[in-house]
Structures are given as C-alpha cells and as structure tokens.
Amino acid sequence: MLIELHIKNLALIKKADIYFKEGLSVLSGETGAGKSILIDSINLALGAKANKDIIRVGENEGFVELIFTLDEKRKEKLKAMDISFEDDILILTRKISTSRSVCRINDETVTLGKLREITDTLIDIHGQHEHQSLLSAGNNLVLLDSFCPKELSKLKSELSNDYGELKKINQKIQEGIDERLRKREIDILDFEINEIKDAKIKENEEEELEQVFKKGKNISKINDVLVELLSELENESIGNNIRDVFDIATLDDSLNVVVSNLNTIEDLISETIHYTNRYLDSLEYNEREYDKVIERLDTIRHIKSKYSNDYHKIQELLKEKENRLNFLKDFGEEVVLLRKSAAKLEESILERCTLISAMRKEVAVTLTGKIKEELEDLNFLGVEFEIRFTKKDKISRDGYDAVDFLISTNPGQPMKPLQMVASGGELSRIMLALKTVFASSDDIQTLIFDEIDTGISGKTAVKVGEKLMNISRGRQVLCISHLPQIAVMADQNLFISKSTDGKTTQTNIDLLDKEGKIKEIARLIGGNNLTEGVLKTAREMIQEADLRR
C-alpha cells in the first residue's frame with residue numbers, strides 16, 4: 001500500500017510530506033486549496049504526461065515521490081519484471097524540469113513505459129472526468145471472468161493451448177499452399193543442405209587449421225629462432241663453466257646443491273638440443289598443402305558466417321532444414337494429416353468455448369443481481385443493469401464471447417453501455433458499485449477516489465461513505481471529498497488549506513487529530529462559522545460512524 005507521498009515545488013505546493021495509514025483516508029479542504037494537485041502529483045509519479053506548467057512559479061524543477069509497502073503477490077510480479085527492491089519497499093520518483101523528466105524505481109532510472117508497466121497493480125485512480133478502468137468496454141470480460149469459479153481458468157488455459165496449436169497448424173498449411181513459393185523454398189533448402197553437408201565440417205577443425213596456418217605463415221621465423229637457440233645451447237663456454245664449478249665443489253661441500261642443479265640443467269640442455277634438432281629436421285614448408293589449409297579455412301568460415309559460429313547449432317539447423325524439406329516435398333500427404341488435426345482442434349475449441357460461455361452466462365445472472373443491488377443502495381431508483389452477450393466473428397484465446405455492461409439509470413431510459421453514461425456524479429457512483437462487487441477479485445492495492453461525491457447529498461452520501469469504508473477493509477482507500485457524511489467514515493483525515501504571505505501562495509496538508517477532525521466535520525456541515533450546535537452535530541456524526549465500523 002501507499003505509505004508516503006513527498007511533493008516539492010509542484011503548482012502551489014512548496015513542500016509536502018504526507019504519511020498514509022491502512023483503511024480509509026479522506027482529504028478535505030476549501031475549494032481551490034489544492035486537492036486536485038495531490039492527484040496530479042500522484043499521477044505524475046505513476047507515469048502521467050508531465051506539463052512543465054505544473055512546476056511552482058520561480059522554481060527550476062519539481063519533484064514527487066511515492067513509497068509503497070509490498071505484499072507477496074506484488075513482490076512476485078515485480079521480480080518477474082526484473083525490478084529489485086529491499087525490505088519490501090518500492091520507491092517511485094519523478095523529477096520534472098523545464099528541459100526533461102527523470103523517472104526512477106528504487107533509485108534506478110527507468111523509462112516512462114517501464115514505470116507505467118509496474119504501477120497498474122499498485123494504484124487505481126478514479127476521477128470524475130477520467131476514463132475509468134472499470135468502465136472500459138474492453139475490460140468487461142476480464143471483470144466477469146474474475147468473478148467466475150476456478151474451473152473457468154482451467155478451461156481457458158486448455159482453450160489457449162488448443163488455440164495456439166491450431167494457429168501453428170494453419171500456419172504450416174498456409175506456408176505450403178502457394179506452389180510457386182513452395183518450389184522456390186525447396187530449391188533454397190536443397191542448396192543449403194548440400195552446402196552444409198559438402199563442407200563436412202568437424203568439431204574444433206577451424207581451431208586446429210588455424211594453428212597449421214600460423215605455423216606455415218611464420219615458418220621462416222620459427223627456423224631462425226630455433227637455429228639461434230641451438231647455437232647458444234651448443235656453445236662450449238657453457239660446458240666449460242659447468243666443469244669449473246664441478247672442480248671447485250670438491251673444495252666445499254656446501255656447493256653440492258649447485259652441482260646437483262647444474263647436473264639437471266645439463267641434462268635439460270642436452271634433451272632440448274636433441275628435440276630441437278629433430279624438430280628442425282622435420283620442419284618443411286609445402287606450399288601446396290599450405291594453400292589447401294587456406295582454402296579449407298575459407299570454406300569453414302563461409303559456412304559459419306552464413307549459418308552459425310557454433311558447430312552444434314549448424315548440425316541442429318541442418319536437421320531442421322531437412323525436416324522442413326521433407327515436409328514440403330511430401331506436402332500433399334502432410335496437409336491431409338494437418339487438416340485432420342486442425343479439424344479435431346477446432347471441434348475441441350468450440351466445445352470449450354461453449355462450456356466457457358455457459359459458465360459466464362450463469363455467473364452473469366448472479367453478478368447482475370449484485371451490481372443492481374449495489375446501485376439501488378446508492379440511490380439509483382428504478383435502475384436497470386444488464387450483462388449482454390454477443391458472439392464474436394472470430395474465436396480468440398478468451399473464447400467467442402463479447403460482453404457489454406449496459407445500464408439505464410432512470411425508468412423509461414434505454415439501456416446504454418457504461419462508458420456512455422454522461423453524468424460525472426452517476427459515473428462515480430456506478431464505478432463505486434462495481435468496485436464494491438468486485439472487491440474480492442480485484443488485485444489493486446490502493447484505490448484513490450477523486451470527488452466521488454459530486455452531485456450527491458443526504459442519504460446517498462451516507463451510503464457512499466459506507467461503501468468506501470467497506471472497500472477499505474480489504475485495501476487502502478484514499479478519497480478527496482467535501483461531504484461530512486464521507487469524511488466521518490475516515491480512519492485518517494487530512495486537511496488541505498491555502499496560505500499566502502502577500503507575495504506567494506502555497507498549499508498545506510495537515511493530519512488532523514481527534515479534535516481537528518471534529519472541527520473539520522463541523523466546517524463541512526456549516527461552513528467556517530463553528531457554533532456549538534454544529535460542533536455537537538459533528539461529534540454525533542462521528543460517533544454514529546464509529547458504530548457502523
């Protein structure tokens with residue numbers, strides 16, 4: 001969950017350090033105090049497009065940092081994305097200047113794309129005027145499937161495997177249908193197979209020939225160096241020096257070690273002279289053989305440059321080409337077998353699609369009832385909700401179902417897709433109803449609701465507050481609100497205010513204590529005139545909210 005938010009030099013915020021708790025946190029304050037800046041800042045840290053105008057006037061750069069604690073599921077997902085972290089903590093930072101934007105994950109610089117990739121499972125922001133993930137038509141099937149029993153996952157996995165196999169088979173069939181292209185590929189394969197086979201490359205052959213090549217290229221140098229070495233080793237002065245030492249060794253026993261070493265040296269010199277003479281006798285340069293080595297090396301290097309530098313991979317490639325050639329030559333017989341396999345797979349796929357669709361439709365009945373119940377609880381009187389199924393023209397890995405969530409918020413109005421609901425207040429409540437129903441299957445760790453209370457009041461506002469509180473029991477919820485019915489439900493209340501010194505203006509965010517919460521609820525009820533009667537009402541509302549927990 002989100003535990004810290006640090007902002008510096010963004011819009012009206014000079015510096016803000018906010019620490020969040022589990023459960024429901026409500027942020028409230030006067031209009032224009034800067035509540036929306038918090039959402040904008042969080043969005044920036046999550047990879048939203050940066051507008052340079054958001055940098056505080058008079059400053060060169062702005063900064064925002066989000067710090068999360070991670071559960072086991074999110075840790076596994078991040079590991080799969082090669083994101084490293086320590087102590088179950090994830091830190092996202094974004095620095096924005098007039099010239100560029102820098103994103104970091106745990107101090108490692110990343111692209112915006114990488115940042116957005118990992119944030120999808122961390123926070124879901126629901127704003128009044130934003131395109132919501134829950135209201136996206138493309139997401140309906142995912143939501144429905146998340147509500148289905150585990151048997152659906154098994155069926156979808158089997159369907160996906162069959163679908164993949166069928167795709168491979170159809171691709172093979174398609175590749176061989178064009179007679180002209182098939183003959184052309186056969187000619188190419190024939191040539192390449194013969195080229196590899198005719199080369200008859202052996203393992204480590206190139207390395208061995210390179211040694212022969214180097215020897216032949218430098219044979220004159222080898223001869224000259226060894227002749228000079230023999231001249232030095234056969235120098236009589238060395239032997240005379242050794243014999244002189246033998247003579248004086250009889251005068252002092254401590255020279256016995258020197259004598260022993262000299263005996264060894266003398267033996268080694270003798271052996272070296274003998275071996276070098278034999279080597280020089282056999283050393284010869286055969287120009288014809290040398291040319292053959294060069295020609296053979298050229299052949300080997302041509303094959304390796306064309307196919308692979310690795311001997312074993314060349315052999316594997318040869319087998320693949322032979323198999324492909326056999327398939328193309330025997331295509332008439334092969335295609336019959338492939339089409340039989342394809343027909344069986346198509347039958348299996350259709351059978352699984354039918355089972356999957358039936359399971360979805362059965363679950364949709366229960367889901368429709370639950371969503372309608374939640375909508376009615378949020379004061380949608382006479383609401384109608386429907387999960388409509390249509391059959392897609394083509395089967396995919398998800399089956400053949402296309403799913404639309406349709407709604408009519410008022411009696412007599414036609415059913416429309418969720419994303420076509422015009423009212424911001426209605427959208428917010430519909431989204432909240434869906435979130436409440438899908439709370440058990442949703443994988444999002446932190447939810448942020450931006451002015452979800454727009455266009456509601458009274459009993460509906462109380463219901464919205466209760467829904468938010470219920471959702472927050474399973475995950476962290478942050479909510480910007482101006483309604484006391486919602487603010488009283490909070491486990492943590494934050495007050496956003498604006499101050500000025502006459503020259504500059506800045507936004508302040510303060511964590512409210514118990515007395516501060518009472519005063520803020522009273523302000524939301526009756527404005528800045530905090531009479532004893534309004535304060536009493538605020539206390540009573542907080543007490544009633546505590547009883548609902």
Side-chain angles (χ1 to χ4, degrees), residues 76-77 80-81 117 120 136-190 192-193 313 315-368 387-405 438 441 443:
E76 290 302 316
K77 286 188 176 182
M81 297 178 188
E117 183 183 352
D120 287 345
S136 169
N139 206 29
N140 293 342
L141 193 63
V142 176
L143 288 170
L144 176 60
D145 286 355
S146 72
F147 209 75
C148 290
K150 291 181 179 179
E151 288 81 0
L152 181 74
S153 295
K154 183 182 177 184
L155 279 172
K156 284 179 69 176
S157 176
E158 292 170 350
L159 170 62
S160 180
N161 291 336
D162 284 351
Y163 182 87
E165 284 300 312
L166 179 62
K167 193 173 181 180
K168 289 177 184 176
I169 289 173
N170 286 333
Q171 188 176 355
K172 279 187 176 182
I173 293 172
Q174 194 63 35
E175 285 172 355
I177 286 176
D178 191 313
E179 185 69 17
R180 182 177 60 83
L181 291 177
R182 186 158 60 89
K183 285 183 177 179
R184 183 173 179 274
E185 188 179 353
I186 286 173
D187 290 341
I188 292 171
L189 287 169
D190 261 329
E192 290 178 337
I193 289 168
K313 287 183 179 178
Q315 302 310 309
E316 290 172 9
L317 191 61
L318 176 61
K319 288 180 182 178
E320 289 174 10
K321 289 180 179 295
E322 287 175 333
N323 290 336
R324 176 66 178 166
L325 181 62
N326 291 333
F327 167 76
L328 292 174
K329 285 182 174 179
D330 301 331
F331 180 72
E333 297 175 8
E334 289 284 348
V335 77
V336 172
L337 296 174
L338 287 173
R339 282 178 174 153
K340 283 183 179 179
S341 298
K344 287 183 180 179
L345 282 170
E346 285 171 356
E347 185 179 337
S348 174
I349 286 170
L350 186 59
E351 182 181 339
R352 288 194 170 93
C353 283
T354 304
L355 290 172
I356 288 170
S357 185
M359 189 178 294
R360 283 172 175 159
K361 287 173 180 175
E362 184 179 346
V363 169
V365 174
T366 303
L367 186 57
T368 299
I387 298 178
R388 183 173 295 173
F389 288 80
T390 54
K391 201 169 183 178
K392 293 187 292 188
D393 294 335
K394 291 183 178 180
I395 292 174
S396 70
R397 293 179 186 272
D398 287 319
Y400 55 53
D401 290 323
V403 175
D404 286 308
F405 287 180
F438 289 107
S441 57
D443 191 35

Nearest 0.5 angstrom please: [X] [atom1] to [Y] [atom2], how far?
X	Y	atom1	atom2	result
Glu192	Leu318	CD	CG	10.5 Å
Asp162	Ile395	CG	CD1	11.0 Å
Leu325	Glu322	CG	CD	8.0 Å
Asp145	Asp398	CG	CG	6.5 Å
Thr390	Tyr400	OG1	OH	11.5 Å
Glu351	Leu155	CD	CG	9.5 Å

Plane angle bin for Phe438 and Phe147 - parallel if under 30°, tilted between 30 and 60°, otherwise perpendicular: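 Taking Phe438 first and then Phe147, their aromatic rings stand perpendicular (interplane angle over 60°).
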
Where do [X] and [Y] come nearest, in terms of heavy atoms and distance?
X	Y	value
Asp404	Asn140	CA-ND2, 3.7 Å
Pro149	Val363	CD-CG2, 3.8 Å
Ala342	Ile169	CB-CG2, 4.0 Å
Gly399	Cys353	CA-SG, 3.6 Å
Arg324	Leu189	CG-CD1, 3.6 Å

Donor-acceptor contact present, side-chain Thr368 to main-chain Ala364, <3.5 Å: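 Yes; judged by distance alone, with no hydrogens or angles, the pair exists.
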
Exam field: side chain Ser157 to backbone Lys154, donor-acceptor pair closer than 3.5 Å: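 No, because the side chain of Ser157 does not come within donor-acceptor range (under 3.5 Å) of the backbone of Lys154.
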
Beyond-backbone contact of [X] with [Y], side-chain heavy atoms, under 4.5 angstrom:
X	Y	answer
Leu159	Arg397	no
Ile356	Arg360	yes
Met359	Leu355	no
Ile349	Glu346	no
Asp190	Lys329	yes

Heavy atoms of other groups near Lys392 NZ, more than 12 under 6.0 Å: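 Result for NZ/Lys392: enclosed.
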
Over 12 non-hydrogen atoms of neighbours within 6.0 angstrom of CD in Glu347: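 Counting neighbours around CD of Glu347, 12 or fewer heavy atoms of other residues, nucleotides or ligands fall under 6.0 Å, so no.
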
